[in-house]
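Below: the structure, in structure tokens.
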Amino acid sequence: MYLMIKRLLFWVTFTLVLFACNNKENNINITQSDLIPMAGQISSFSEEYSFRDEISVNGENYKLLIANTEEVQSQALLSFAYLPDNVEYITDATLTLYTDLKPYGEMEFKVKRLEQEYLEAEADWNQASESVDWDQNLIFDSQTPSITLTDTVAASIDSLVFDLSEAEILTWTETEESLFSLIIYTESDNYIEIYSSENSKNPVLKFNYRLNSENEEKEYERNAFKDTYIVNDKLGLDQIWTSILTVGNMTPRRAYFKFNIDASSLLNQDGQTLTDFQQDHLTINSAYVRFYIKDFSFLEGNRSVYLTPWRVKEEVTETTKIDSDNLEYLINTGTTIATIKSEPDSTQYIDLKITPILQGFISGEKDNYGIVMTSSYQSSNFDIIEFWGKDAEDESLRPKLHFVYTLPMED
């Protein structure tokens with residue numbers, strides 16, 4: 001009985017406290033329920049352009065690019081290790097590569113042996129490692145037959161299987177080389193991505209062999225010990241697209257835009273301009289820039305868009321490439337993810353989330369030098385998307401900043 005009375009008293013006390021809190025007025029005589037979030041919109045974008053960025057390959061890429069296009073040429077490097085000594089013979093040697101991003105039309109792949117060591121974090125089109133150039137005769141003229149992939153866009157995970165020269169592998173086992181290295185390239189006007197050693201579906205070298213001292217045949221099956229890709233960028237870094245908002249992966253394209261925040265964009269519940277205190281202390285609940293899609297170039301099976309906004313840290317005085325050192329990522333900004341429909345449609349849009357950035361601009365903690373929008377997966381594929389800009393003839397398609405804010409409680 002005592003326990004039941006004690007519980008009853010607890011709930012009566014809790015209810016009274018809760019009722020009192022819900023009806024308590026704050027120090028400006030407005031109940032909490034009256035602090036209604038306000039909606040705002042800015043349509044006046046003052047600047048916009050797009051620019052090329054450098055291709056980033058660090059040896060830890062999730063995929064390897066093999067390409068030969070007007071913009072870029074790329075070749076994949078693979079190395080395998082740990083083959084036993086004293087091998088008598090090798091048979092049924094194959095190299096298997098996996099991919100889920102297929103080329104349009106026909107694409108021929110070639111494999112040759114690479115006779116020079118390289119560092120996967122430093123190798124590029126001109127150097128095997130920092131300050132070490134590629135040898136002119138770095139490629140051994142392999143007898144491995146080429147293979148062709150045709151019209152497999154949007155297929156599920158597929159494989160490329162090369163029949164390697166057993167003689168080449170046997171020659172490698174008799175040398176002092178620590179790694180058996182291959183280079184995969186194409187002369188077709190096309191491109192493809194293959195999974196790297198950082199992926200669960202990574203490259204596999206496989207063959208049967210027998211040692212001189214044994215009668216039993218064994219199987220060698222190993223994933224790539226290291227891999228990377230080297231890129232010949234044909235466009236260069238000096239390309240600028242004025243009055244165009246375009247973002248791409250390979251070769252990377254970034255978009256810069258700036259909007260002006262004026263007093264008329266921020267009002268209180270009575271439609272009046274905010275005081276300095278209100279503006280400096282208001283809370284941005286959410287903010288996004290709505291970009292309407294003008295055009296895009298995606299493969300059938302790869303229509304997801306991942307965009308990241310960056311705050312520009314220093315004033316941009318001319319239309320030029322903005323270095324990564326001049327960009328700041330604000331925590332909690334996150335990645336904007338959107339899926340593009342199968343058919344181009346001018347009414348499609350993407351809402352780029354910029355809540356922390358706008359909060360910094362309005363509070364005065366961050367200078368408004370503009371925003372750079374990038375793909376979150378630069379240097380990974382050839383996806384390109386273009387948005388309608390501030391000069392679009394149809395005003396409804398121009399970019400717009402939408403935000404929701406809550407006014408502070410003043411003393």
Side-chain angles (χ1 to χ4, degrees), residues 45-58 61 63 65-75 101 103-104 123-127 186 188-193 229-259 289 291-299 302 305-329 336 340 344 350 352 369-392 398-399:
F45 277 59
S46 58
E47 299 176 47
E48 64 182 19
Y49 67 88
S50 302
F51 58 92
R52 279 271 290 106
D53 193 38
E54 59 186 290
I55 299 170
S56 175
V57 182
N58 58 19
N61 300 79
K63 295 182 181 180
L65 178 68
I66 303 172
N68 183 41
T69 73
E70 293 181 357
E71 296 188 3
V72 68
Q73 185 178 4
S74 181
Q75 301 174 347
L101 179 60
Y104 282 106
D124 59 29
W125 191 258
N126 299 309
Q127 296 182 328
T186 185
S188 304
D189 182 14
N190 217 321
Y191 66 91
I192 197 172
E193 289 178 313
Y229 64 97
I230 54 177
V231 179
N232 177 23
D233 185 352
K234 300 178 181 179
L235 285 183
L237 296 179
D238 57 351
Q239 186 150 351
I240 304 290
W241 294 273
T242 58
S243 301
I244 292 179
L245 292 171
T246 181
V247 174
N249 287 332
M250 178 70 76
T251 51
R253 306 182 184 196
R254 297 182 170 190
Y256 168 79
F257 60 92
K258 184 179 180 181
F259 48 84
V289 183
F291 291 102
Y292 291 87
I293 298 172
K294 183 177 182 180
D295 193 15
F296 59 84
S297 176
F298 292 166
L299 291 183
N302 189 47
V305 180
Y306 300 83
L307 300 176
T308 301
W310 306 78
R311 184 188 78 90
V312 179
K313 296 189 292 184
E314 298 179 2
E315 187 175 4
V316 178
T317 58
E318 59 180 328
T319 303
T320 185
K321 175 182 177 292
I322 301 175
D323 294 330
S324 295
D325 292 340
N326 193 16
L327 300 180
E328 178 185 23
Y329 178 79
T336 294
I340 307 301
I350 293 178
L352 181 72
Y369 295 133
I371 296 174
V372 165
M373 172 173 53
T374 73
S375 166
S376 306
Y377 290 95
Q378 278 192 180
S379 303
S380 65
N381 58 48
F382 281 81
D383 292 346
I384 297 174
I385 187 167
E386 181 181 350
F387 301 102
W388 289 99
K390 63 185 181 66
D391 296 326
R398 296 175 183 177

If I take atom CZ from residue Phe257 and atom OG from residue Ser50, how far apart are they, to the nearest 0.5 angstrom?
10.5 Å

Testing the basics here: between Asp189 and Thr69, what is the closest heavy-atom pair and its distance to 0.1 Å?
OD1-CA, 3.8 Å

Please examine the side chains of Val247 and Leu307, heavy atoms only from C-beta on, and report whether any two atoms are closer than 4.5 Å.
yes

How far does CD of Glu48 sit from CZ of Phe387, to the nearest 0.5 angstrom?
12.0 Å

Just wondering, do Thr320 and Phe51 contact through their side chains at under 4.5 Å, heavy atoms?
no

Got a second to check how far Lys390's NZ is from Ser46's OG, nearest 0.5 Å?
8.0 Å

Can a donor-acceptor pair be found, under 3.5 Å and without considering hydrogens, that links the side chain of Asp323 to the backbone of Asn326?
no

For Tyr49 and Thr242, the nearest pair of non-hydrogen atoms, with its separation, is CB-CA, 4.1 Å

For residues Trp310 and Thr308, report the shortest heavy-atom separation together with the two atoms involved.
CD1-O, 3.4 Å

Does Lys294 reach the main-chain N or O of Ile244 with its side chain, forming a donor-acceptor pair under 3.5 Å?
no

Looking at Arg311, Arg254, Lys313, which one forms a side-chain contact (heavy atoms from CB on, under 4.5 Å) with Leu327?
Arg254

Under the ring pair (Phe, Tyr, Trp, His ring centres under 6.0 Å) test, which residues partner Tyr306, sequence neighbours left out?
Tyr377

Main-chain N/O of Ala67 paired with Ser74 side-chain donor or acceptor, under 3.5 Å
no

Over all atoms of both residues, closest heavy-atom pair of Ile240 and Lys321
CD1-N, 3.8 Å

Can you tell me if Thr246 uses its side chain to pair, donor with acceptor, with the backbone of Ile385 under 3.5 Å?
yes

Under a 3.5 Å distance rule, please check whether Gln75 uses its side chain to pair with a backbone N or O of Tyr229 as donor and acceptor.
no

Taking the side chain as every heavy atom from C-beta outward, state whether Gln73 and Trp125 have any pair of such atoms under 4.5 Å apart.
yes

How many angstroms lie between atom CD of Glu314 and atom CG of Asp325, to the nearest 0.5 angstrom?
9.5 Å

Is the closest side-chain heavy-atom distance between Ile322 and Val316 below 4.5 Å?
yes

Check: Ile371 and Val312 side chains under 4.5 Å, non-hydrogen atoms
no

Would you mind reporting whether Asn232 and Val72 have side-chain heavy atoms less than 4.5 Å apart?
no

Check: Asp124 side chain, Asn126 main-chain N or O, donor-acceptor pair, under 3.5 Å:
yes

Could you please spell out the steps behind the side chain to side chain contact (heavy atoms under 4.5 Å, CB included) verdict for Arg52 and Asp233?
CA-CA 11 Å; Arg52 279 271 290 106; Asp233 185 352; 2.4 Å; yes

Given Met373 and Leu352, is the side chain to side chain contact (heavy atoms under 4.5 Å, CB included) satisfied, shown in steps?
CA-CA 9 Å; Met373 172 173 53; Leu352 181 72; 3.7 Å; yes

I would like to know whether Val57 and Ile230 meet side chain to side chain contact (heavy atoms under 4.5 Å, CB included); could you show each step before the answer?
CA-CA 8 Å; Val57 182; Ile230 54 177; over 6 Å; no

Give the ring-plane orientation class for Phe291 versus Phe45, where under 30° counts as parallel, over 60° as perpendicular and anything between as tilted.
perpendicular

Which atom names give the shortest non-hydrogen contact between Gly248 and Ser375, and what distance separates them?
O-CB, 4.1 Å

Counting C-beta onward and ignoring hydrogens, is there a side-chain heavy-atom pair between Ile350 and Thr336 closer than 4.5 Å?
yes

For Glu315, which residues count as a side chain to side chain contact (heavy atoms under 4.5 Å, CB included) partner, sequence neighbours excluded?
Thr317, Tyr369

Using a 4.5 Å cut-off on heavy atoms from C-beta on, say whether the side chain of Asp53 contacts that of Arg253.
no

